[in-house]
Colleague: 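Quick one: the structure is below, and I'll ask about it shortly.
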Amino acid sequence: MPDPVTRTLDVPGAVLSYDVRGDLQDRPVLLMIGSPMGASGFPTLASHFTDRTVVTYDPRGVERSTRTDGSGELSPDDHAADLATLIESLDVGPVDVFASSGGAVNAIALLARRPDLVNKVIAHEPPLASLVPDSEAALKACEDIHQTYQRDGMGPAMAKFISIVSYEGEIPADYTDQPAPDPAMFGLPTEDDGSRDDALLGQNLRRCTSYLPDFDALGRSAGQLVIGVGEESANQLAARGGKAVAERLGLTPEVFPSNHGGFLGDEYGMPGQPAEFAVKLREVLAGR
C-alpha cells in the first residue's frame, strides 16, 4: 500500500484534510469515512485494499480539518455536502464508500442527495436513534448526554455515551432516571476542564442520532446501499439503527465480523477483526 499523500480542500465554512493512497487514475477508488472518527481510524483497513486507491478524510471540526464557520452543531446534511465536494474534487467519477457509525449516517445523506457520486455505499452501523422502536427513550438519552456535556464537561458525558452505545436491546423509558455511570470506571477525567469543543459530544451527537433520512430519495437509490451490522453488536443502538434503515428500504443487512469497530487494528487500542472484516467488505463490494 503506498504511503498516504495529504491534500486540503476549501469548502464553505471549513478546510478539509484528506489522504490519498495510490494513483487516482489507475485503480477504482474506495472512500473510507467515519464521524467523528477521522482518517486516523482507517490505516489498518486501508492496508487490506492494495488493489484500490483508498481515500480517507477528517470531517470538518475533527483532527486536521478546521472549521472557519465558528463552532456549533453540524448535521449529516452538512457533512454530506462536504463529501460531495470532496468526491467531485477527486475527478474520478463515482466512488465506492465504506462508512462507519456517524459517517454511515452522513453517507446515507450523501446517497439521498447525490446518488450520481457513488457506485455503492456500505453503511456500517449508522446510529439513527430516530428510527428504532424505542426512539423516544433513545433520543432522550442522547439529549441527556449533550446536556451533561454542556453542564459538567467531557468525563461525565462520555461515560454516559459509552454506556448507551454498549447497551444491549431497547432503551428503557426510565433510562435517564438511573444513576449516572462514574467516569473513573472508564478511565475518564472526573474534573471539568472547561472546554466544550469535543467533536462528538458538542458538534455531532444530537443532529446525527436524530436525523431522519429522505426515504423517498433513498428508495430510488436503494440498489446502491448496503447496511452492515456487527455480529457482536447486533442488538446495540447503532446496529439497530442500521436495521431500521434496512427494514424501511426492504434490504437485508449484511453481518460483518466483530463489533461496531470491527475494522480497527491498533489505532485506538481496541482492535476488532480487521482481516476478517476486510474479507467481508471485499465480498460486499463485489456484490457477492
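We number each residue from 1, following the sequence as shown.
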Colleague: Please tell me if the side chains of P126 and Y211 come closer than 4.5 Å, counting only heavy atoms from C-beta onward.
Modeller: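 Sidechains of Y211 and P126: no contact.
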Colleague: Would you confirm whether D214, through its side chain, and A217, through its main-chain N or O, come within 3.5 Å as a donor-acceptor pair?
Modeller: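 Such a contact is found between D214 side chain and A217 backbone.
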Colleague: Please list, chain by chain and in numerical order, all residues satisfying side-chain contact (heavy atoms from CB on, under 4.5 Å) with P181, sequence neighbours excluded.
Modeller: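 By the side-chain contact (heavy atoms from CB on, under 4.5 Å) rule, P181 matches A159, K160, S163, F186.
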Colleague: Does the side chain of L45 come within less than 4.5 Å of L281's, by heavy atoms?
Modeller: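 Answer yes - side chains close enough.
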Colleague: Using the test side-chain contact (heavy atoms from CB on, under 4.5 Å), find all partners of K120 that sit at least two apart in sequence or belong to another chain.
Modeller: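 With neighbours one apart ignored, the set is D96, I122, V226.
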Colleague: Are any of the side-chain heavy atoms of R21 and M32 separated by less than 4.5 Å?
Modeller: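 They are not in contact (no side-chain heavy atoms under 4.5 Å apart), so the answer is no.
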Colleague: Which residues pass the side-chain contact (heavy atoms from CB on, under 4.5 Å) test with A238, sequence neighbours left out?
Modeller: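 Scan of A238 (side-chain contact (heavy atoms from CB on, under 4.5 Å), adjacent residues dropped) gives E125, P127, H260.
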Colleague: Quick one: do the S40 and Y268 side chains pair a donor with an acceptor below 3.5 Å?
Modeller: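 Side chains of S40 and Y268: pair found under 3.5 Å.
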Colleague: Is the shortest side-chain heavy-atom distance between Q236 and Y167 below 4.5 Å?
Modeller: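 Of all side-chain heavy-atom pairs linking Y167 with Q236, none is under 4.5 Å.
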Colleague: Does a donor on one side chain and an acceptor on the other come within less than 3.5 Å for S195 and D193?
Modeller: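 A donor-acceptor contact under 3.5 Å links the two side chains.
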Colleague: Angle between ring planes, F42 versus F98, binned at 30° and 60°: parallel, tilted or perpendicular?
Modeller: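 Judged by the thresholds at 30° and 60°, the geometry between F42 and F98 is perpendicular.
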Colleague: Walk me through it: do E232 and Q273 pass the test side-chain contact (heavy atoms from CB on, under 4.5 Å)?
Modeller: CA-CA 11 Å; E232 298 173 12; Q273 299 175 19; 3.6 Å; yes
Colleague: Any donor and acceptor pair, going by atom type alone, linking the side chain of N235 with main-chain N or O of G169 inside 3.5 Å?
Modeller: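 Flag not set: sc N235 to bb G169 has no pair under 3.5 Å.
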Colleague: Do L31 and L83 have side chains that get closer than 4.5 Å, going by heavy atoms?
Modeller: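 Yes, at least one pair of side-chain atoms sits under 4.5 Å.
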Colleague: Parallel under 30°, tilted from 30 to 60°, perpendicular over 60°: which one fits the rings of F256 and F277?
Modeller: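 Aromatic pair F256/F277 classed tilted.
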Colleague: Any salt bridge linking D78 with R67? Criterion: basic side-chain nitrogen under 4.0 Å from a carboxylate oxygen.
Modeller: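 Salt bridge between D78 and R67, a charged N being under 4.0 Å from a carboxylate O: no.
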Colleague: For E267 and T44, does a side-chain donor sit closer than 3.5 Å to a side-chain acceptor?
Modeller: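 E267 vs T44: donor-acceptor pair found between side chains.
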